[in-house]
Amino acid sequence: MANHLTAFSARACACALMLGIATHAAANMYRYTDDNGQVVISSTIPQEATKRGYDILGNNGRVIETIPPAPTEEEIAAREAEKQRQKELDEQRAQDRQLLKRFSHPDQAVKAMHRKIRELKGLIQLKRGNISVISSQLDNEQSRAADMERAGRNIPEAVLEKIRRLESQIRDIEREIASQTQEIEALQKVFEADIERLEEVTGEARTLPLEPNKEKD
């Protein structure tokens, strides 16, 4: 019985010793700088010290890994700014690829702009023609109403309603013309920006004027 206990105790001691060796082998040391600027080597490291960066030492005292300092607010801001700059650059490259699919030379964009502006101005001219026709009808109805009024007759509601309807039609068309005029201005700004960008990307300068009425035949 005594021999059995002795053997058991020996095995337990051996296990404990091996566990201790394994634990010691796994326990790394840290080398860091404290708040006073002194280098410290310890099995633990304060939270504040980790922000300044530190070394992890092996059992032989050699550095097995270096943890860099935490980035400062200025460094974080600089990284974010660089990420944003790179994102904008990627977006610009994608836009340039799409632009070059549409036009290979700035003059092609100039011609496309002139063509589109002429189309919109043509629609405006048609609308102005409609206004002239409606205005003529309105003048006739207003003259009829004036004649009735001078003759002491009551103006029929149908005549008054027609006058109001014609006036409303003219106002609607004028709003459409104003909207299309703004569309032309916005369209021209977009095209001019594209033309300028094409000159940068292709290295070619436009030879056509931006104003359609100045374009050479």
Side-chain angles (χ1 to χ4, degrees), residues 77 79-217:
R79 291 178 187 176
E80 290 299 320
E82 176 59 23
K83 285 171 60 178
Q84 182 63 28
R85 190 193 70 82
Q86 189 60 47
K87 179 182 177 183
E88 292 173 356
L89 184 60
D90 292 341
E91 290 175 351
Q92 183 63 63
R93 287 171 177 166
Q95 291 173 5
D96 288 344
R97 287 193 295 269
Q98 292 299 319
L99 185 60
L100 289 172
K101 286 181 181 180
R102 295 167 56 205
F103 311 110
S104 60
H105 191 279
D107 282 348
Q108 290 183 339
V110 173
K111 291 179 180 178
M113 177 181 68
H114 291 173
R115 185 167 56 251
K116 186 63 178 177
I117 290 176
R118 280 195 297 267
E119 291 174 0
L120 291 172
K121 286 185 175 181
L123 292 174
I124 289 176
Q125 285 301 110
L126 289 175
K127 292 181 187 295
R128 293 192 187 282
N130 291 339
I131 288 178
S132 296
V133 172
I134 297 172
S135 294
S136 178
Q137 295 176 3
L138 178 61
D139 289 342
N140 291 335
E141 293 300 323
Q142 288 175 335
S143 294
R144 283 179 57 197
D147 291 342
M148 291 178 186
E149 196 170 30
R150 281 192 295 269
R153 296 163 52 191
N154 292 328
I155 303 173
E157 182 60 31
V159 174
L160 295 174
E161 176 60 30
K162 187 173 184 180
I163 290 174
R164 288 193 290 267
R165 177 167 52 81
L166 292 171
E167 289 174 340
S168 177
Q169 288 176 354
I170 291 174
R171 287 194 298 271
D172 289 343
I173 296 175
E174 286 176 342
R175 280 195 291 269
E176 291 175 5
I177 290 175
S179 176
Q180 287 185 324
T181 301
Q182 291 179 348
E183 183 180 349
I184 289 174
E185 294 173 356
L187 179 74
Q188 188 162 357
K189 288 181 180 179
V190 171
F191 264 106
E192 288 177 359
D194 286 345
I195 292 165
E196 183 177 351
R197 185 60 185 171
L198 280 166
E199 289 180 322
E200 294 179 14
V201 173
T202 64
E204 301 283 347
R206 65 176 174 84
T207 62
L208 299 176
L210 295 177
E211 294 299 326
N213 57 346
K214 296 181 181 179
E215 185 176 357
K216 296 180 182 180
D217 295 331

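All values below were derived from every heavy atom in this structure, side-chain atoms included, with hydrogens, water molecules and symmetry-related copies excluded.
- What you find for M148 and P156 is that their closest heavy atoms are SD-CD, 3.4 Å.
- Remark: R150 engages D147 in a salt bridge, criterion side-chain N to carboxylate O under 4.0 Å.
- The pair E88-R85 fails the salt-bridge criterion, with no side-chain N (NZ, NE, NH1 or NH2) lying under 4.0 Å from an Asp/Glu carboxylate O.
- The residues D96 and R93 are annotated as not salt-bridged, no charged nitrogen and carboxylate oxygen being separated by less than 4.0 angstrom.
- Few gaps surround CD on E192; more than 12 heavy atoms of other groups in view lie less than 6.0 Å from it.
- Between K83 and E80, at least one side-chain N (NZ, or NE/NH1/NH2) sits under 4.0 Å from a carboxylate O, which counts as a salt bridge.
- Closest approach of A109 to I195, counting heavy atoms only: CB-CG1, 3.6 Å.
- Between the side chain of H114 and the main chain of L210, a donor-acceptor pair closer than 3.5 Å is present.
- Counting non-hydrogen atoms of other residues, nucleotides and ligands closer than 6.0 Å to CG of D90 gives a total above 12.
- In this structure, CG in L120 is found 11.0 Å from CD in Q188, a value given to the nearest 0.5 Å.
- The existence of a salt bridge linking E141 and R144 is confirmed by a sub-4.0 Å separation between a basic side-chain nitrogen and an acidic carboxylate oxygen.
- Taken to the nearest 0.5 Å, the CD1 atom of I117 stands 10.5 Å off from the CD atom of E183.
- The distance from atom CD of E91 to atom CD of Q95, rounded to the nearest 0.5 Å, is 7.0 Å.
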Worksheet item: When you look at Q180 and K127, which way does the side-chain contact (heavy atoms from CB on, under 4.5 Å) test go after all the steps?
Response: CA-CA 11 Å; Q180 287 185 324; K127 292 181 187 295; 3.3 Å; yes

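- In this structure, the side chains of L138 and I170 come closer than 4.5 Å at one or more pairs of heavy atoms.
- Across all non-hydrogen atoms, the minimal contact from R197 to Q92 is NE-NE2, 3.4 Å.
- The heavy-atom pair separating A145 from I155 by the smallest distance is O-CD1, 3.6 Å.
- A salt bridge does not link E174 with R171: none of the charged nitrogens is closer than 4.0 Å to a carboxylate oxygen.
- No donor-acceptor pair closer than 3.5 Å links the side chain of S168 to the backbone N or O of R164.
- Atoms OG and CD, from S135 and E167 in turn, are 10.0 Å apart once rounded to the nearest 0.5 Å.
- Taking CG from L126 and NZ from K121, the interatomic distance works out to 14.5 Å, rounded to the nearest 0.5 Å.
- No donor-acceptor distance shorter than 3.5 angstrom exists from the side chain of Q142 to the backbone of I163, with no hydrogens or angles considered.
- Counting heavy atoms from C-beta on, the side chains of E119 and R115 come closer than 4.5 Å.
- Using a 4.0 Å cut-off between charged side-chain N and carboxylate O, R175 and D172 make a salt bridge.
- Residue R128 forms a side chain to side chain contact (heavy atoms under 4.5 Å, CB included) with just one option from L123, I177, I173, and that option is I177.
- The residue from T207, D194, L198, L208 that alone fulfils the side chain to side chain contact (heavy atoms under 4.5 Å, CB included) condition with P106 is L198.
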Worksheet item: Does the pair E157 and L160 meet the rule for a side-chain contact (heavy atoms from CB on, under 4.5 Å), with working shown?
Response: CA-CA 5 Å; E157 182 60 31; L160 295 174; 4.0 Å; yes

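- Salt-bridge annotation for R79 and E82: absent, with no side-chain N of the basic residue lying under 4.0 Å from a carboxylate O of the acidic one.
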